[in-house]
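Since the structure comes first, as structure tokens, the remarks are kept for the end.
This structure is a prediction, so every number in the text was calculated from the model and none was measured.
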Amino acid sequence: MERLMMMQLRKWKESRRRKPLILWGSRQVGKTWLMKEFGRVCFRNVAYVSFYNNKRIAAVFEQDYDVRRILNALEIELHMKISATDTLLVFDEVQSAMKVVESLKYFCEDAPEYAVIAAGSLLGVAVHEGISFPVGKVDELHLYPMSFEEYLLAMDETALAGYLKDWKNPEINLFGERYRDYLREYLYVGGMPEAVDAFRQDRDPIAVREIQEAIVRQYEGDFGKHVSPSQLPRIRMTWNAIPSQLAKENRKFFFGQIKPGGRMKEFEIAIQWLVDAGLVYRVNKVTKPGMPLKSYVDMAAFKLFLLDVGLLGAMSNLDFQSVLHGNDVFEEFKGALAEQYVLQQLISATKYTPYYYAGEKSTYETDFLVQRGSDIVPIEVKAEENLKSKSLQVYVEKFHPGYAVRVSMSGAREQNWMVNIPLWAVQAL
């Protein structure tokens with residue numbers, strides 16, 4: 001299946017200012033496959049090393065950071081010649097050998113001619129535990145679950161995927177029904193590559209759900225392996241509370257819903273661990289929609305989303321027919337799925353950092369705010385074609401933004417005070 005990051009990797013390979021690359025991403029988003037496929041397509045050889053339970057190779061990096069010595073040792077270990085001109089060096093699962101991350105500084109300074117990629121599923125957690133990160137000596141890319149565009153490519157809908165580059169393309173409305181059908185599938189399947197591949201091959205929602213549940217179990221298994229006993233209960237409580245928190249009309253995270261009397265101080269380390277692990281996205285509230293948004297962050301108010309809409313459905317026990325066709329019981333949760341989906345596309349397919357804003361006493365709320373050049377753009381998310389945008393209209397009347405967006409299942413169109421972008425084309429914002 002095609003991953004759009006392959007284009008960015010090609011650019012990295014050809015860059016005259018190339019540094020060793022760190023590929024960030026949570027477990028099961030496809031990092032290992034992408035690195036190997038990139039090496040297969042763009043290099044003659046791939047020198048792949050996984051440091052998971054591999055103490056012998058990890059010990060090569062413990063002695064010192066003499067790059068020539070390290071390369072010689074790797075050649076002996078891998079039984080291959082590592083060439084600067086046609087070999088891709090891949091260091092995988094480096095959270096198990098953090099000296100490897102520190103060595104990237106010396107690959108940058110002493111052997112910049114070598115193409116090196118490092119990745120690790122819990123690398124973000126390890127970095128925040130105090131290792132010496134090679135700031136300024138590495139390039140960085142973030143791999144996320146497959147976007148809706150990548151999902152269409154996996155379903156051999158290359159033309160439909162191509163039209164998503166511009167939400168004003170007439171085909172965005174012309175093929176609206178096909179986009180809606182695929183989008184409803186995506187809300188169930190999500191973007192975890194194994195789940196997408198299973199659905200692509202067999203169209204079996206039961207097999208997809210089994211894969212999703214297995215991934216959730218793997219994540220929960222990581223809690224026990226990498227978390228201190230004192231923090232483990234709080235991480236589990238926070239993780240398990242996310243679906244019910246998103247099911248509320250007001251999706252702001254309330255600690256009192258985790259346990260009676262719960263306070264932020266009690267759970268802030270647990271939340272940060274889940275964010276560092278790449279399992280949770282934190283969307284902060286801003287106190288005013290001013291430039292730059294980051295300067296107005298209210299650290300005490302935020303929403304938490306999962307890394308993938310399909311996993312949200314699995315943790316919420318949503319069945320395929322309800323997501324595909326809807327029912328009365330499902331109606332209230334549609335908004336949560338739609339917001340999760342939009343947040344996921346904004347993070348994976350754009351350069352925007354989403355925030356949100358709520359009026360005094362929460363009389364109205366923008367689902368998301370993004371900074372687009374010199375504009376602060378409010379985004380309201382509608383799960384279906386109910387186009388009443390009271391909160392967005394109140395925001396527009398108060399702050400007079402140059403650009404306001406409603407995202408819904410309705411077709412693309414511009415109005416005098418806002419634009420409607422279809423859910424399937426939100427990445428073209």
Answer yes or no: is there a donor N or O on one side and an acceptor on the other, between the side chain of Gln212 and the main chain of Tyr188, under 3.5 Å? yes
Say you draw a straight line from CG of Leu88 to CD1 of Ile82; how long is it, rounded to the nearest 0.5 Å? 10.5 Å
Gln415 side chain near Arg413 side chain, heavy-atom distance below 4.5 Å: yes
Determine, for Arg3 against Glu37, whether the closest basic-nitrogen to carboxylate-oxygen distance falls under 4.0 angstrom. no
Salt-bridged, Arg18 to Asp139, with N to O below 4.0 Å? no
Please verify the inter-ring angle class for Tyr395 with Phe399; under 30° counts as parallel, over 60° as perpendicular, anything in between as tilted. tilted
Would you check if there is a donor-acceptor pair between the side chains of Gln218 and Glu220 at a distance under 3.5 Å? no
Are Trp273 and Gln231 close enough that a side-chain donor and a side-chain acceptor fall under 3.5 Å? no
Trace of the salt bridge (charged side-chain N to carboxylate O under 4.0 Å, His left out) decision for Arg180 with Glu177: CA-CA 5 Å; Arg180 288 183 188 92; Glu177 282 306 313; 2.9 Å; yes
What's the separation between atom CG in Leu141 and atom CD1 in Ile117, rounded to the nearest 0.5 Å? 8.5 Å
Report the C-alpha distance between Glu109 and Lys137 in whole Å, list the side-chain angles of each, state the deciding distance to 0.1 Å, and finish with yes or no for salt bridge (charged side-chain N to carboxylate O under 4.0 Å, His left out). CA-CA 8 Å; Glu109 294 176 346; Lys137 302 297 181 179; 3.2 Å; yes
Only residue of Lys334, Arg251, Gln344 satisfying side chain to side chain donor-acceptor pair (under 3.5 Å) with Glu339 is Arg251
Roughly how far apart are Tyr296 OH and Lys285 NZ, rounded to 0.5 Å? 15.0 Å
Is the Phe175 ring parallel, tilted or perpendicular to the Tyr163 ring (thresholds 30°, 60°)? parallel
Evaluation steps, salt bridge (charged side-chain N to carboxylate O under 4.0 Å, His left out), between Lys390 and Glu380: CA-CA 10 Å; Lys390 291 182 180 179; Glu380 183 169 74; over 6 Å; no
Can you confirm whether more than 12 heavy atoms, excluding those of Phe254, are under 6.0 Å from its CZ atom? yes
Are a donor atom and an acceptor atom from the side chains of Asn420 and Arg406 found within less than 3.5 Å of each other? yes
Indicate whether any N or O donor in one side chain lies under 3.5 Å from an N or O acceptor in the other, for Ser408 and Ser410. no
With distance as the sole test, does Gln345 use its side chain to make a donor-acceptor pair with the main-chain N or O of Phe148 at under 3.5 Å? yes
Side chains of Tyr48 and Asp92: donor-acceptor distance under 3.5 Å anywhere? yes
Step through it carefully: locate the ring centre of Phe43, locate the ring centre of Phe38, and say whether they are under 6.0 Å apart. yes
Contact check, side chains of Val309 and Leu337, non-hydrogen atoms, under 4.5 Å: yes
Taking atom NZ of Lys81 as the centre, report whether more than 12 heavy atoms of other residues, nucleotides or ligands fall under 6.0 Å from it. no
Taking atom CG of Asp298 and atom CG of Asn284, what is their separation to the nearest 0.5 Å? 8.0 Å
We want to know whether Asn53 and Ser96 form a side-chain donor-acceptor pair, criterion being a heavy-atom distance below 3.5 angstrom. no
Is any NZ, NE, NH1 or NH2 atom of the basic residue among Lys252 and Glu365 found under 4.0 Å from an Asp or Glu carboxylate oxygen of the other? no
Got a sec: does the CG of Leu174 have more than 12 other heavy atoms crowding it under 6.0 Å? yes
Mark yes or no for whether Arg234, through its side chain, and Glu266, through its backbone, hold a donor-acceptor pair below 3.5 Å. yes
Measure the CG-CE distance between Asp181 and Met155 for me, rounded to the nearest 0.5 Å. 13.0 Å
Indicate the atoms forming the closest heavy-atom contact of Ala195 with Val208, along with that distance. O-CG2, 3.7 Å
Check whether any side-chain heavy atom of Val407 sits under 4.5 Å from a side-chain heavy atom of Trp167, and report yes or no. no
Mark yes when over 12 heavy atoms from residues, nucleotides or ligands other than Arg200 sit less than 6.0 Å from its CZ; otherwise mark no. yes
Side chains of Asp308 and Leu312 in contact at under 4.5 Å (non-hydrogen atoms): no
Pair Glu268 + Arg263: basic N to acidic O under 4.0 Å: no
Hey, what's the ring geometry for Trp424 with Tyr179, parallel, tilted or perpendicular (30° and 60° as the breaks)? parallel
When rounded to the nearest 0.5 angstrom, what is the spacing between NZ in Lys31 and CH2 in Trp24? 11.0 Å
